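Quick notes on the structure that follows.
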Amino acid sequence: MFSASYVVKGGSGCPAVLAALVNSNWTVSDPSVHLSSSPATQLTATCTAAVSKPVAITAAPANGEKFIGQASLTCN
């Protein structure tokens with residue numbers, strides 16, 4: 001399972017950390033990996049076949065924000 005979130009750390013003298021899930025549009029670099037529903041804050045990636053290199057899974061905020069996150073999945 002993959003999740004999309006952002007983390008805001010407190011400034012000087014403020015140790016608080018805020019993390020929140022972000023509703024995102026998800027993409028995958030190989031059609032052998034199927035993703036559960038998008039947009040979503042969390043999804044499941046399922047390998048349907050072995051692949052020769054790690055598959056990139058990318059999350060971009062559904063609200064149009066300008067940041068993205070990426071992770072990789074290896075399917076053996």
Side-chain angles (χ1 to χ4, degrees):
M1 177 171 281
F2 292 84
S3 62
S5 61
Y6 69 89
V7 177
V8 177
K9 296 181 181 178
S12 177
C14 184
V17 174
L18 169 67
L21 293 173
V22 177
N23 201 34
S24 299
N25 291 311
W26 297 82
T27 57
V28 64
S29 65
D30 190 295
S32 297
V33 175
H34 290 212
L35 302 176
S36 59
S37 298
S38 177
T41 57
Q42 297 181 329
L43 65 75
T44 301
T46 304
C47 298
T48 60
V51 295
S52 60
K53 59 183 179 179
V55 175
I57 298 173
T58 304
N63 67 1
E65 291 286 334
K66 301 292 183 193
F67 61 91
I68 63 169
Q70 192 170 63
S72 64
L73 174 68
T74 302
C75 302
N76 297 321

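Keep in mind the model is a prediction, meaning the values are calculated, not measured.
The closest side-chain heavy-atom distance from His34 to Thr48 is below 4.5 Å.
One finds the CG atom of Leu73 at 4.5 Å from the CD1 atom of Ile57 (value rounded to the nearest 0.5 Å).
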Going by atom type alone, with no hydrogens or angles, which donor-acceptor pairs under 3.5 Å involve a side-chain atom of residues 21-33 and a protein atom two or more places apart or on another chain?
{"residue": "Asn23", "atom": "OD1", "partner": "Ala40", "partner atom": "N", "Å": "3.2"}
{"residue": "Ser24", "atom": "OG", "partner": "Val22", "partner atom": "O", "Å": "3.1"}
{"residue": "Trp26", "atom": "NE1", "partner": "Ala40", "partner atom": "O", "Å": "3.0"}
{"residue": "Ser29", "atom": "OG", "partner": "Ala56", "partner atom": "N", "Å": "2.9"}
{"residue": "Asp30", "atom": "OD1", "partner": "Ser32", "partner atom": "N", "Å": "2.7"}
{"residue": "Asp30", "atom": "OD1", "partner": "Ser32", "partner atom": "OG", "Å": "3.0"}

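Between the Ser3 side chain and the Gln42 main chain, no donor and acceptor come within less than 3.5 Å of each other.
Under the side-chain hydrogen bond (donor to acceptor under 3.5 Å, both in side chains) criterion, Gln70 pairs with Thr58, not counting sequence neighbours.
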